[in-house]
Asker: 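So that we are looking at the same thing, I have put the structure below in structure tokens.
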Amino acid sequence: MALRPTRNDLGENAKKVSITVLNGTLVDMIDLTNAVRMAHWTLRGPNFIGLHEMLETFYNDLFATGDEVAERLVQLGGTPDGTSQLVAEKSRLTPYSQSTVYTLDHVRELADRFSNLAKSVREGIDSTDDSGDADTADLLTGVSRDLDKKLWMLESHLDK
Ligand SMILES: [Fe+2]
């Protein structure tokens, strides 16, 4: 991995670890943002308006957080995997189905993906902390806390 020169004094290894972790997070977040938007557009069934409006806040939050993630990796000398082609190639999330319609089916599908992303972000907290980049670990800690909150909001729809 070639790093762009910067006065940021973090060690080269720590930068490389963080850029790799942040790019993986960015790609998954863009993929999840699009999945949430698909659900916002296509869901039908009980609780439509509540879910439709909740998901709008979700994709706006994901978009803003993804921006923070991308800008952190640029600050460290990296290049974001931010194009549609790279996201399609590199996302670790299961592809979102175009044919999902029923509200609670969307909630289950999204809950799976929020859980998967939160898990990999937590792994990223540990690896960036171990390599000595406390700032990226701190950023990712905020990201995972927000993903956990959204997972709770999704799962709360699934109780009988
Ligand atoms: Fe909308």
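Each ligand, and each atom within it, is numbered from 1 in the order the structure gives. Residues: numbered from 1 along the sequence shown.
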Asker: I'd like to know if Leu51 and Tyr102 are part of one continuous hydrophobic network [Ile/Leu/Val/Met/Phe/Trp/Tyr, side-chain heavy atoms within less than 4.5 Å].
Answerer: yes

Asker: For Asp28, what residues pass the salt bridge (charged side-chain N to carboxylate O under 4.0 Å, His left out) criterion, not counting sequence neighbours?
Answerer: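 With neighbours one apart ignored, the set is Arg92.
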
Asker: Relative to the Fe ion (ligand 1), how many protein N, O or S atoms have a separation of less than 2.8 Å?
Answerer: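 Near the Fe ion (ligand 1), the number of protein N, O or S atoms below 2.8 Å is 1.
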
Asker: Answer with yes or no whether the hydrophobic clustering places Tyr96 together with Phe63; edges join I, L, V, M, F, W, Y residues whose side-chain heavy atoms lie under 4.5 Å apart.
Answerer: no

Asker: Walk me through whether Asp146 and Lys149 qualify under salt bridge (Lys or Arg N to Asp or Glu O under 4.0 Å).
Answerer: CA-CA 5 Å; Asp146 186 59; Lys149 182 172 181 179; over 6 Å; no

Asker: Which of parallel (below 30°), tilted (30 to 60°) and perpendicular (above 60°) describes His40 and Tyr59?
Answerer: perpendicular

Asker: Is Lys150 close enough and on-axis enough to Phe114, meaning under 6.0 Å and within 45°, for cation-pi?
Answerer: no

